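Single-structure report; data block below.
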Amino acid sequence: MQARTLITALVFAIFLSAHPCLAHKVRIFAWNEGDTIHTESKFSGGKPAQHATITVIDSNTGSELLNGETDAQGLFQFPFPDSDTTIKALDIIVNSGDGHKNSWHFEREPSSEKQIISTVENSVPEPQSLPTPPYNEEQLTRLMERVLEEKLAPIRRQLAENEERSPGIQDILGGVGYILGLAGIAAYMKSKKR
Amino acid sequence: MHISEGVLSSPVLFTGGAITAVGTAVGLKSLDYDKIMTVAMLTATFFVASLIHVPIGPGNVHLILGGLMGIVLGWGCFPAILTALFLQAIFFHYGGLTVIGVNTSTMALPALFCYYIFRPWIKNNGNKRKIAAFCCGFFSILFSSLIMALALATTDTGFLGVAKLVIAAHLPLMVIEGIITMFTVLFLSKVQPEFLGIGD
């Protein structure tokens with residue numbers, strides 16, 4: 001009885017003291033809010049990947065653009081490397097240092113700000129009878145865009161996060177089925193040899 | 001315990017692949033007709049156990065059960081772990097096909113070690129069996145961590161850095177695996193001793 005109490009106490013002590021970051025893999029996802037790109041890195045199971053190395057490379061040339069380290073929440077953000085407008089897509093690589101590595105392909109949205117403005121201008125007819133507002137249309141568009149970006153960011157994050165689902169019961173049962181099937185094949189082969 | 005693709009250098013990948021190939025060949029050869037279902041059952045257990053994350057304390061843990069596989073299957077743990085890892089790699093992208101050799105070796109070599117060291121003790125009834133089963137679970141994870149650190153020694157974190165990181169992360173799991181292996185072996189020895197290959 002004493003031994004059991006001791007074991008229970010030991011188990012609890014270990015659970016409470018240590019920070020296991022056991023995982024099959026690390027995953028990273030990225031979304032943008034305006035010109036800032038946010039990334040979040042997690043281990044499978046949901047624990048954030050803290051102080052993992054992030055490397056951003058140009059997808060086309062493979063050259064390294066910038067690197068950094070995730071914070072305690074597994075977050076890392078950087079401005080889109082705008083100095084070079086030829087960059088269309090980025091590969092964001094996370095390496096947690098314990099043999100886990102993953103990447104996220106980030107594509108710059110094809111529609112540039114100017115296009116949006118021009119379409120807005122075309123679609124909205126000039127109000128003639130109304131008094132002119134204290135702000136011009138360009139300012140209004142920019143303001144709306146900023147608000148939209150702010151509102152869209154959590155949705156983008158959610159979308160990016162959901163792109164990779166964790167294994168469910170069907171996957172697990174499917175795997176078990178495969179294993180039993182393989183055992184059946186093995187048994188058949190062995191029985192033929194007999 | 002799954003090393004991702006693109007982390008390891010090709011000599012390490014090749015070594016892991018060679019060890020796995022030899023181990024699997026020996027394992028399949030030693031596999032007789034009556035043992036196939038045992039191997040399949042433990043493969044399924046391993047496959048499922050490492051998929052289910054149990055949120056305890058501040059993090060998540062999942063079982064590996066390498067020690068249990070080793071002590072029951074011996075060399076048979078190689079094909080068993082290889083199969084389970086293969087399925088995990090193609091279904092869930094855990095690890096990857098190029099690193100499957102290294103990952104299999106990481107988990108199967110300690111299992112085999114446990115088989116040779118602790119197997120004789122399991123046959124004895126009583127406390128010796130308990131201790132051996134616990135050690136099986138405990139040391140299989142410890143050695144797995146060490147092998148993993150060895151495989152990652154050539155990366156920029158270095159052997160000591162990785163070893164510290166991995167062992168610290170797996171320390172709770174060592175104890176949990178030890179306890180679970182102990183209870184499983186004790187239970188099996190009472191209910192189904194022939195599963196363990198011991199005639200009680």
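Fair warning: this is a prediction, and the values are worked out from it, not measured in the lab. Residue numbering restarts at 1 for every chain, and letters A, B, ... go by the order of the sequence lines.
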Do [X] and [Y] belong together in a cluster built from hydrophobic side chains that touch within less than 4.5 Å?
X	Y	result
A:F106	A:V56	yes
A:I92	A:L75	no
B:L186	B:Y115	no
B:I19	B:V99	no
B:V39	B:I64	yes

Expected list for residues 22-31 of chain B: side-chain donor-acceptor pairs under 3.5 angstrom, two or more places apart:
residue	atom	partner	partner atom	Å
B:T24	OG1	B:T20	O	2.5
B:S30	OG	B:V26	O	3.4
B:S30	OG	B:G27	O	2.9

Heavy-atom count check: over 12 atoms from other residues, nucleotides or ligands less than 6.0 Å from B:F195 CZ?
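Counting neighbours around CZ of B:F195, more than 12 heavy atoms of other residues, nucleotides or ligands fall under 6.0 Å, so yes.
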
What one should report as the nearest heavy-atom pair of A:S191 and B:Y33 is CB-CE1, 3.7 Å

Residue part contacting chain B, namely of A:L182, when any heavy atom lies under 4.5 Å:
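Side chain of A:L182 only, per the 4.5 Å heavy-atom cut-off to chain B.
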
Approximate separation, where rounding is to 0.5 Å, of A:Y178 OH and B:I90 CD1:
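Going from OH on A:Y178 over to CD1 on B:I90, the span is 6.5 Å.
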
d(B:M37 CE, A:L180 CG) to nearest 0.5 Å is 5.0 Å

Hey, does A:K190 have a side-chain heavy atom less than 4.5 Å from the side chain of B:I36?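 Yes, close enough: below the 4.5 Å cut-off.
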
Taking 4.5 Å as the heavy-atom cut-off, does anything in residues 40-47 of chain B contact chain A, and if so which residues?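 Counting heavy atoms that sit under 4.5 Å from chain A, the residues of residues 40-47 of chain B involved are B:A40, B:T43, B:A44, B:F47.
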
Exercise. Tell me, out of A:I172, A:V176, A:T53, who's got the most heavy-atom pairs with chain B below 4.5 Å.
Key: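 Looking at each of A:I172, A:V176, A:T53 in turn, A:I172 comes out on top.
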
